[in-house]
Asks: 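Below are the structure tokens for one structure; questions will follow.
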Amino acid sequence: MSGLVRRLGFGGAAGLALILIFALLAMLAPWLAPYPGQGLGDPNVIAKLKPPSTEFWLGTDHLGRDVLSRVIFGTRVSMSAGLLIVASSLLVGLPVGVLAGYFGGWVDEVLMRVTDIFLAFPALLLAVLLAAALGPGLLNSIVAVSVTWWPWYARMARSEVLVLRGQPYVEAALLMGVSHPRILIRHILPGAARPLLVQAALDFGPALLTASALSFLGLGVLPPTADWGKLVDEGRKFFPDRWWVSTAPGLAIFLLALAFSVLGDALRDAEGGKRDDPA
Amino acid sequence: MTNPILDVTDLVVRYKPRGLFVPPPRPAVNRVSLGLPAGTTLGVVGESGSGKSSLLRAILRLVPVESGSVTFDGRDWLALRGADLRSARQGIGVVAQNPFLSLSPRLTIAQILSEPLLARGDRHGSDLRDKTAALLLRCGLPPDFLPRRAGELSGGQAQRVAIARALALGPRLLVLDEPTSALDVSVQAQILNLLMELKADFGLSMLFVTHNLKVVAHIADRIMVMQQGVVVEAGPTEKVMADPEQLYTRELMGFGRDFARSRS
Amino acid sequence: MILLEIKALSVTFPTATGAVQAVRSVDLQIEKGAIHGLIGESGCGKTMTGMALLGLLPKGAQVAAEVFRFDGMDLATQAAYLRGKRIALISQDPAAALNPVLTIGRQMDDVLRTHRTQPKAARQAVAVELLAATGLADPVELLNRYPHQLSGGMQQRVVIAQALATGADFLIADEPTTALDVTVGAQVLALLRKLVSERGLTVLMITHDMDVVAAVCDRATVLYAGLSVEEGPARAIMGRPHHPFSAALLAALPDAVPRGHKLAAIEGRIPSPTQAITGCAFAPRCPSCLPVCPDTPPPVRGNSDHRWACHLDKGAR
């Protein structure tokens, strides 16, 4: 444990701890939430818009639901949305970039021009348009954001691979008669994947924010399910008089995005010292 | 006597011009011919821009050849494509200048040494482990180096690993690109001794490319001096060293302890 | 006149896992107007010694010395002051020493401006004169060029001209020819030799290359594991080395034996810089090691002109 703190630094370790706490909240939501039923969306109209109290730690919303329970259940949706966006973008972007960078020539031309087309649109605008076209829903919003997200990974993977491809040890493998798929798996992918994974950790926050933004605009999850973005949106109408409805989910978005950003920075610093050059 | 294992005739290598309206550059390698009889060592000496590296990379099929022919082991080397080229390349072992760059930083020595064997079709198992250990031992390192990574080794040790890897498939030709230039003199001596032993034991043919005339004069049977893409002098080592025809060759011998004697 | 005098210089880096002794004990005495070679292999402390003279050691370095004097001044406190005024560095890689986005003229002028109060035209004349002094053809033209338009040898000449522009009379040349071609390196060495005799410079030539020492050095010091093991006239060390390490270093050169014969490699490795040394540092690798060597520090033998630290009465062989 102390070794981890030393490698990541205090900030990075704190970020990681916060992420783990949120992950636990998400996994154990039915047991941790004081009112699991309300967390899932059951209304409780006799206790509408109550301020924080010992009964409802973070108050209740306009349908009388416990905000704390809503936020805890929202963690599940928001975290998985962020994770799915980053993962699916990596899954598309990494292979595209690796193939383009490794083989070069017309493969590179075709793949990169397609990538450029996606990069030509402002990301959020494209995501909003796509989400609107696909219709609201969690999965659709994830797809919409991922479509605008993967080209960045493709670009980055390509530039990493261009560096790796010129490394003498990759050339050595080629000269030993090692096949292209083997070189890709053994030498190129591990080298290219690490900086991309760091970038993915850094991007989790923005992914979360974008997904929340779509929900806030009504293009994300459908009621009664709610992610944090939706919760902020619901509370917006009562702000600032009933400030607690929006504040708690907003704070959760802020904290988790910050935690990933700090962890990503720490990972990048830890990685930076030992890239592939021996120096 | 013996047929040359490597035969290069009128090889020309020219890189693409850097812009649309730039005239094509002077060839990096200009009509170079060489023959390497089996079991001998040819030293190729030159400074930066001499074309020695381009020649070597062309022979290894890493840069395209404009014209000329290369025959390796009786085959038209430049005509090989795809899988044929891949398997034919296994007949040539290559050792590069900086072992820390030519050995993957992520793999263990055992993985590095088994890579060519696996590429040939060997299977994982105790047989493979024995082979890698034997290779390493032959190059002067005990088997307890197998689980380590290149970053943990000294320059000399890492270069021994690179040589062991080059020998893994029993190549007929060893191509050495400045193999001792990154090493201290005391370590350079160890590596040169190792190469001479290996040459004697396996009857290896070697193409030794370097900027250091003194190193190559020690190990090569014949020397070829390149300048600006062309061969300016070639011949048996003793003759070139004792009585160089070209002023340039004498300049390459340059300064040093002989110079010091003449200065006094 | 002795310009630089160092006795028992040590450079230590305290770390969590123990002290790293980059330089254990180095002695140097350099006469004004001499080229003094500092010979050793990687990890012997030769570059760290040079950096200590320049006051450019990395953070955390602890420097200690019995004597650490340059022209009557204490280097322990004055190194940073002397750097760029009396002492200048010529590094291995001239391309890295020059700023790629500034013209040669601008970079020369930056140096001149900090050291002289002259109008710009006068400074430019000085720059042209200095570039010409380093053997660069067409120096006026050169002022408008960028470093990448110059060959490695020309870049190194510009670096030398910059060093002269500071007004320094003591140059620390750290492997100045290693990155250059043999023929170009020979020219740069000849230039340094010429500048020494014409301008009365003094040079500390840090190198691993015996040929460089033989070509231009008047005297030399051999370092091993952060210790000076032999000091004397360069020709004497090249011709008849007395310390077994100096001898082994020369014997390992590829032209020391006839072609194809086994070279006298030095087996083993240098002691780790964290390791404490009780006797002679070279003992574990020494071909003529005596029973006394590993445990007792070797006595200094020879005379003031040529001395070495060894238990053997007569020196190596």
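Letters A, B, ... are given to chains in the order of the sequence lines, protein chains preceding strands, and every chain is numbered from 1.
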Asks: With a 4.5 Å cut-off on heavy-atom pairs, point out which of B:Q188, B:M196, B:H218, B:E238 contacts chain C the most.
Replies: B:H218
Asks: Side chain, backbone, both or neither: which part of B:A200 has a heavy atom under 4.5 Å from chain C?
Replies: neither
Asks: Look at the side chain of C:S228 and the backbone N and O of C:E230, then say whether any donor-acceptor pair between them is shorter than 3.5 Å.
Replies: no
Asks: Less than 3.5 Å apart, any donor N or O on the side chain of C:Q92 or C:T178 sitting next to an acceptor on the other?
Replies: no
Asks: Counting only heavy atoms not in C:K32, do more than 12 sit closer than 6.0 Å to its NZ atom?
Replies: yes
Asks: Which atoms of B:N212 are under 4.5 Å from chain C, going by heavy atoms: the side chain, the backbone, both sets, or neither?
Replies: neither
Asks: If only side-chain N and O atoms count, and only distance matters, is there a donor-acceptor pair under 3.5 Å linking B:S50 with B:Q227?
Replies: no
Asks: Can you find a heavy atom in the side chain of B:H211 that is under 4.5 Å from one in the side chain of B:S181?
Replies: yes
Asks: Can you tell which part of B:T180 gets under 4.5 Å to a heavy atom of chain C, answering side chain, backbone, both or neither?
Replies: neither
Asks: For chain C, find which of B:V185, B:V187, B:N193 contributes the most heavy-atom pairs closer than 4.5 angstrom.
Replies: B:N193
Asks: Mind ranking C:A265, C:A234, C:P254, C:A264 by heavy-atom pairs under 4.5 Å with chain B and telling me who comes out on top?
Replies: C:P254
